[in-house]
2 protein chains.
Amino acid sequence: MSKLNNKDPKSDTGRSFARSPCPITNTLDLLGDKWTLILIRDLFFGKRTYGDFQSSPEGIPTNILAERLKRLLENGIISKEAYQDRPVRYAYTLTKKGEALGPIVEEIAVWGLKYIEGTEANLSKTN
Amino acid sequence: MSKLNNKDPKSDTGRSFARSPCPITNTLDLLGDKWTLILIRDLFFGKRTYGDFQSSPEGIPTNILAERLKRLLENGIISKEAYQDRPVRYAYTLTKKGEALGPIVEEIAVWGLKYIEGTEANLSKTN
DNA sequence: TCCTGTCACTTTAAATTTGCAAGTAACTAA
DNA sequence: TTAGTTACTTGCAAATTTAAAGTGACAGGA
């Protein structure tokens, strides 16, 4: 039951990985897609509600948004709390683990600004 | 004809983007998937041939490998050259633009090592 | 010459994921 | 009562990914 390359990381002993024990591979399995790091970026820019994320110019589909928020919650990268009752409204914020993604987001922005023509640094909230 | 949010980046004036002018978004459109940064990692570890990439423990499907190498070539992140004739064999290497991805890969590795239990730093070539 | 093997891909078909649109539930304000 | 907002969920077509097999160029050995 404790085979390597188990399809489900985290299951079993915690020492089996979906693809390999490489930290890069496993980080990519968590946030290596076209939307997750955009959410992390938005969180760094102070966005906190479901509606805030939807309003970013990239236009994330709502089903993808819900699923990504769930995955980030399950992995302890963000936390969710009601910031008001009547009606209940939720705010998502980065945990310490999530805040630690800062340097990754920063280096991606630096590279993009330097090598992709026409990209612009954040102009307030028009990410 | 020069609308923003054009579906085809690079088309038109070069000032229209697929999703937004954000450097993070555009970098993600280039390498935000589960395989591209693994190839970049392999290149940093000195792998250079098609076979080298195939032999990494993650087991990239060959059609994906071919397509990603093509995209990285088209975007000037890697270059391809024959390193022998009879039979012709090709080596892929990082360009200056590709080498500049070093800090991103590094920060991803640092985060993964710290926050994903069980991941291990590169043990020679067993990425 | 024929056969086997390697390297660098390409093709095919099925499985998975994505994107778009519409729908739902809770509640509030008019 | 009706309309509006927020935070999702559902359904389905389209796009992407995956595994597996196939192709073509060439080399070496029998």
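Please read these numbers as outputs of a predicted model, since none were measured by experiment.
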Look for any protein N or O under 3.5 Å of an N or O in nucleotides 11-13 of chain D and output each such pair with its distance, or none.
unit_1	atom_1	unit_2	atom_2	d
dG11(D)	O6	N63(A)	ND2	3.4

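- Clustering ILVMFWY residues whenever any of their side-chain heavy atoms sit less than 4.5 angstrom apart, transitively, puts Y90(A) in a cluster other than the one holding I77(A).
- The CH2-C1' distance, from W35(A) to dC20(C), rounds to 12 Å in whole Å.
- Separating the CG atom of L65(A) from the C1' atom of dT6(D) is a distance of 12 Å, rounded to the nearest angstrom.
- Across every non-hydrogen atom of K34(A) and L28(B), the tightest pair is NZ-O, 3.6 Å.
- Rounded to an integer number of Å, the gap from CG of L72(A) to C1' of dC8(D) is 16 Å.
- Cluster annotation: L94(B) is connected to L73(B) through the hydrophobic network of ILVMFWY side chains, with a link wherever side-chain heavy atoms come within less than 4.5 Å.
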For nucleotides 2-9 of chain C, tabulate all protein N/O to nucleotide N/O atom pairs closer than 3.5 Å, reporting atom names and distance.
unit_1	atom_1	unit_2	atom_2	d
dC7(C)	O4'	R89(B)	NH2	3.3
dA8(C)	OP2	G51(B)	N	3.2
dC9(C)	OP1	K80(B)	NZ	3.1
dC9(C)	OP2	Y92(B)	OH	2.6

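- Across all strands, I64(B) comes closer than 4.0 Å to base atoms (heavy-atom distances).
- Atom-to-atom, CD1 of I60(A) to P of dT17(C) comes out at 16 Å; the value is rounded to the nearest Å.
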Please step through side-chain contact (heavy atoms from CB on, under 4.5 Å) for the pair L31(B) and N75(B), ending with a clear verdict.
CA-CA 11 Å; L31(B) 27 99; N75(B) 284 282; over 6 Å; no
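- Checked by atom type and distance alone, the side chain of D52(A) pairs as donor or acceptor with a backbone atom of T49(A) at under 3.5 Å.
- Here the P atom of nucleotide dT18(C) and the CD atom of E58(A) are 16 Å apart, to the nearest Å.
- F45(A) and V110(A) fall into different hydrophobic clusters, defined by Ile, Leu, Val, Met, Phe, Trp and Tyr side-chain heavy atoms under 4.5 Å apart, directly or through other members.
- One finds no side-chain N or O of R19(B) lying less than 4.0 angstrom from the OP1 or OP2 phosphate oxygen of dG19(C).
- In this structure, the side chain of E106(A) does not engage the main chain of A109(A) through any donor-acceptor pair within 3.5 Å.
- In this structure, CH2 on W35(B) lies 13.0 Å from CG on L69(B), to the nearest 0.5 angstrom.
- Taking atom CD on E67(A) and atom P on dT10(D), their separation rounds to 13 Å, with Å as the unit.
- Remark: the backbone N or O of T62(A) is paired with a side-chain donor or acceptor of Y50(A) at under 3.5 angstrom.
- As a whole-Å value, the separation of K70(B) NZ from dT16(D) C1' is 15 Å.
- Put simply, CG on L28(A) is 13 Å from P on dT17(D), counting in whole angstrom units.
- R71(A) contributes a side-chain N or O that, together with a main-chain N or O of L30(A), makes up a donor-acceptor pair within less than 3.5 Å.
- A donor-acceptor contact closer than 3.5 angstrom links the side chains of D42(B) and S56(B).
- The phosphate of dC8(D) has neither OP1 nor OP2 within less than 4.0 Å of any side-chain N or O from R68(A).
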For nucleotides 28-30 of chain D, which of its nitrogen or oxygen atoms have a protein nitrogen or oxygen under 3.5 Å away, and what is each distance?
none

